[in-house]
Colleague: 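Could you have a look at this structure, given as structure tokens, before my questions?
One-based numbering, in listed order, for ligands and for the atoms of each.
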Amino acid sequence: MRSNTNQSRSFASDNNAGVHPRIMDALVTANTGHVIAYGDDPYTERAAAKFRKEFGKDTDVYFVFGGTGANVLGLKAATETYHAIICADTAHINVDECGAPEKVTGCKLLSVSTPDGKLTIDRVKHFLHGVGFEHHVQPRVISVSQATEMGTVYTADELKTLSQFAHQNNMLLHMDGARIANAAASLNRRLDEITVKTGVDILSFGGAKNGMMYGEAVVFFDRSLSQNFKYIRKQGTHLPSKMRFISAQFDALLTDDLWRRNAEHANRMAQLLADELRSVPKVRITQKVESNGVFAIVPAKFVPVLQKKYFFYVWNEETSECRFMTSFDTTEEDIRQFVGLIRKTVR
Ligand SMILES: Cc1ncc(COP(=O)(O)O)c(C=O)c1O
């Protein structure tokens, strides 16, 4: 077992956090009586209405169990097997989904090396040769992660530029929004302002990293893309029978801006963590801290010592770059204790 059970909160992942009390209350409240299974229930209706309120009345939303499923099935809805999906080399779909996007969509992933996890037109445009040529896969989707896997955030203008480029070239813009809440909080924007209004076509909307127990949503902003999605979701094994328990969580997350408050807190804790780490001479922050992740080079010989008390991931073994994530329940005291240990150890 990797974690030390005496350590109540670590910095390994926002997935390691528990469930926000208001979400837990919503689950308990939903646990009354019987409702029709598979989503034909009042909880799902209410949650879907909340999504339409955030993103616009034409939004079509489908709840699924997890983020890999949301990405893979959303991409499946937009592609044929001879298509290609362009993404950053650091993208979750490229490195952390065990080849599921390739297996399920049949598409080739064309990955782009990026220093900060972000795609730009310059980085993707060379994939557009061979369009219409039957010997080449046909680029169909640009997939961005917002926030990125490196903790950076695309501005609304950067997204608009990418979506315009995608649409001009008969492609779609997909967004892996496992941390969309952190991005919106970071930019101080509404959810629609950094998705549908910037030209995003399909969004994976994250729940688990922001206080939910489980559950993510595939959000379509163009109904022509979602017309067969109910079959794709079922065939893709992501139709939850007891849907109400995902819906009730989303309903709570989208009530009174709980999503934003959780994300703002996590982001603020990441800023604090970064500020504290900057005062440790042998630790070097490597990425802009724009959401709830801090990337830092910690000299390799100290890493196992720190990991005995706090499990965290080494992102790049060659450079000893480590990833520290904060979450909705991280406290200032957690950070003081963690950085205190780093200060004592890394000398
Ligand atoms: C950027 C990103 N996308 C998607 C996911 C969803 O993954 P899972 O299938 O574990 O819910 C994660 C989880 O770590 C992630 O970091």
Colleague: Does a donor on one side chain and an acceptor on the other come within less than 3.5 Å for Asp122 and Thr120?
Modeller: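 Note: Asp122 and Thr120 side chains miss the donor-acceptor criterion.
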Colleague: What protein heavy atom sits nearest atom 3 (N) of ligand 1, and how far away is it?
Modeller: Asp176 OD2, 2.6 Å
Colleague: With backbone taken as N, CA, C and O and side chain as the heavy atoms from C-beta onward, which portion of Ala178 lies under 4.0 Å from ligand 1: side chain, backbone, both, or neither?
Modeller: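 Near ligand 1, Ala178 shows its side chain, while the N, CA, C and O stay back.
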Colleague: How far is atom 14 (O) of ligand 1 from its nearest protein heavy atom, and which residue and atom name does that atom have?
Modeller: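 Residue, atom and distance for the closest contact: Lys209 NZ, 2.7 Å.
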Colleague: Of Arg179, Glu149, Glu216, which has the heavy atom at the shortest distance from atom 16 (O) of ligand 1?
Modeller: Arg179
Colleague: Please list the nearest protein heavy atom to atom 6 (C) of ligand 1 with its residue and the distance rounded to 0.1 Å.
Modeller: Gly67 CA, 3.4 Å
Colleague: For the residue pair Glu97 and His92, confirm or rule out a side-chain donor-acceptor distance under 3.5 Å.
Modeller: yes
Colleague: In terms of residue, atom name and distance, what is the protein heavy atom nearest to atom 7 (O) of ligand 1?
Modeller: His92 CE1, 3.3 Å
Colleague: Which other residues belong to the hydrophobic cluster containing Val141, where Ile, Leu, Val, Met, Phe, Trp and Tyr are joined when side-chain heavy atoms lie under 4.5 Å apart, directly or via other members?
Modeller: Leu75, Ile85, Ile93, Leu109
Colleague: Would you say the side chains of Thr331 and Asp334 form a donor-acceptor pair under 3.5 Å?
Modeller: yes
Colleague: Mind checking whether Gly69 has an N or O less than 3.5 Å away from an N or O of ligand 1?
Modeller: no
Colleague: Using the benzene-type ring in the case of Trp, are the ring centres of Phe311 and Tyr313 under 6.0 Å apart?
Modeller: yes
Colleague: Is there a donor in the side chain of Arg9 and an acceptor in the side chain of Ser327, or the other way round, less than 3.5 Å apart?
Modeller: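 Short answer, no.
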Colleague: Using a 4.0 Å cut-off to any heavy atom of Asn15, which atoms of ligand 1 qualify?
Modeller: 13 (C), 14 (O)
Colleague: Verify the ring-centre separation between Phe324 and Tyr310: is it less than 6.0 angstrom?
Modeller: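 For Tyr310 and Phe324, the ring centres are not under 6.0 Å apart.
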Colleague: Quick one: look up the protein heavy atom nearest atom 9 (O) of ligand 1 and list residue, atom name and how far away it is.
Modeller: Thr68 OG1, 2.6 Å
